[in-house]
Amino acid sequence: DARPATVHDRDVQGLCLVMRTSGRAIYKLRRQHRKRRVDIVLGDATEVTLQEARELARQRIRNQQDLDRRLGVTTTPLFREVADGYRSSSAYLSLAPSTQRYYSGFLNRHLLPAFGDRPIGEIRRAELRALFDASTGPKKDKASVANGVRQTALRVYDYAVQHEFVEINLPESIDWRYKSAVRDRRLTHRELKAVWEFCTHPATNRDVADILRLCVLTAARRAEVTQMTWQEIDISSSVWKLSAGRAKNRVSYTVPLSP
């Protein structure tokens, strides 16, 4: 049997476009109230634009949060819903696939089992700290795993703050006691020479050789080099401008290039 199709918005958690089998499309806001789903109709897609639907949804969310605060009722979305929203956001989808797997792994193994079915607004600082302290993994030292869980929680809460589900990024307020081991491994001159000789060997794929040489010369990450676009290259100034959205540490930077 044909069923209505639902498309979820990436900017506003809970906003979706429901396309019925009759051909009618309706914007709805789906909220969690006392562990039950509530659908709020925002308007027909022929009468309401996506931007208008987003603003209506945000206003409804703000109004509900204000009412909840006055009544002392907590109806913030479940942590699982916020995590799903983050994984559908542009901030997550713009990451390299390996980085996406990194954060999803910590979500699935640590954060979701602990807090998945809890409203995110009810999770306390002490509970987060206890989870960070208890985090362990089969192949990594305790500090590395704890840092991975914390970094993932920081991103989910940052998404929650941006969408006004919570007021502060709770993991950010926790004094951090673990420090990751500093990676100070560098290629020796002999190893660099071997890489360069590999790049110039006739049997080496030219694209692979160019990528390796550019990584060596710029100290850029492999994904940053392989996803480089002409829009990032300023030929007149001989620089490569990498945006924050493409950088792994989310900080933009400029790389000098040879004339």
Could you state whether [X] and [Y] fall into the same hydrophobic cluster, counting links through intermediate Ile, Leu, Val, Met, Phe, Trp or Tyr residues with side-chain heavy atoms under 4.5 angstrom apart?
{"X": "Tyr27", "Y": "Val7", "value": "yes"}
{"X": "Val48", "Y": "Leu50", "value": "yes"}
{"X": "Leu154", "Y": "Leu112", "value": "no"}
{"X": "Ile168", "Y": "Phe132", "value": "yes"}
{"X": "Ile235", "Y": "Val255", "value": "yes"}

Ignoring hydrogens, what is the shortest heavy-atom contact between [X] and [Y]? Give both atom names and the distance.
{"X": "Ala223", "Y": "Thr226", "answer": "O-OG1, 3.2 Å"}
{"X": "Val161", "Y": "Asn169", "answer": "CG2-N, 3.6 Å"}
{"X": "Ile120", "Y": "Ala160", "answer": "CD1-CB, 3.9 Å"}
{"X": "Ala57", "Y": "Leu42", "answer": "CB-CD1, 4.0 Å"}
{"X": "Phe115", "Y": "Leu128", "answer": "CE1-CD2, 3.7 Å"}
{"X": "Cys16", "Y": "Thr6", "answer": "CB-CG2, 3.7 Å"}

What I'd like to find out is whether the side chain of [X] reaches to under 4.5 Å of the side chain of [Y], using heavy atoms alone.
{"X": "Arg80", "Y": "Asp84", "answer": "yes"}
{"X": "Met228", "Y": "Ile233", "answer": "yes"}
{"X": "Val166", "Y": "Ile123", "answer": "no"}
{"X": "Leu17", "Y": "Asp9", "answer": "no"}
{"X": "Tyr103", "Y": "Leu95", "answer": "yes"}
{"X": "Tyr157", "Y": "Phe79", "answer": "yes"}

Review point. Under the side-chain hydrogen bond (donor to acceptor under 3.5 Å, both in side chains) rule, what pairs show up with a residue in residues 199-218, not counting sequence neighbours?
Key: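 Only Asp210-Arg213 qualify under side-chain hydrogen bond (donor to acceptor under 3.5 Å, both in side chains).
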Between [atom1] on residue [X] and [atom2] on residue [Y], distance to nearest 0.5 Å:
{"X": "Ser252", "Y": "Lys241", "atom1": "OG", "atom2": "NZ", "answer": "10.5 Å"}
{"X": "Ser173", "Y": "Arg129", "atom1": "OG", "atom2": "CZ", "answer": "8.5 Å"}
{"X": "Glu55", "Y": "Arg60", "atom1": "CD", "atom2": "CZ", "answer": "13.0 Å"}
{"X": "Tyr86", "Y": "Arg155", "atom1": "OH", "atom2": "CZ", "answer": "4.0 Å"}
{"X": "Leu257", "Y": "Trp240", "atom1": "CG", "atom2": "CH2", "answer": "8.0 Å"}
{"X": "Leu107", "Y": "Tyr102", "atom1": "CG", "atom2": "OH", "answer": "11.5 Å"}

Practice item. Give the C-alpha distance, both sets of side-chain angles, the deciding distance and a yes or no for side-chain contact (heavy atoms from CB on, under 4.5 Å) between Glu127 and Leu170. Key: CA-CA 11 Å; Glu127 295 176 297; Leu170 205 57; over 6 Å; no
Check your understanding: Do we get Arg109 above Phe106's six-membered ring, with its NZ or CZ under 6.0 Å from the centre and within 45° of the axis?
Key ->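 Satisfied, under 6.0 Å and within 45°.
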Practice item. State, without any angle test, whether Gln151 and Asn147 hold a side-chain donor-acceptor pair at a distance under 3.5 Å. Key: no
Point to revise | ring-ring contact (aromatic ring centres under 6.0 Å, His included) against Tyr159, all qualifying residues, sequence neighbours excluded | key: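 Listed in chain order: His163.
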[Y] backbone acceptor or donor facing [X] side chain under 3.5 Å:
{"X": "Glu47", "Y": "Asp44", "answer": "no"}
{"X": "Glu224", "Y": "Arg221", "answer": "yes"}
{"X": "Ser104", "Y": "Arg101", "answer": "no"}
{"X": "Gln100", "Y": "Tyr92", "answer": "yes"}

**Study point:** Residues, nucleotides or ligands: over 12 heavy atoms within 6.0 Å of Arg222 CZ
**Key:**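 At most 12 heavy atoms, drawn from other residues, nucleotides or ligands, come within 6.0 Å of this atom.
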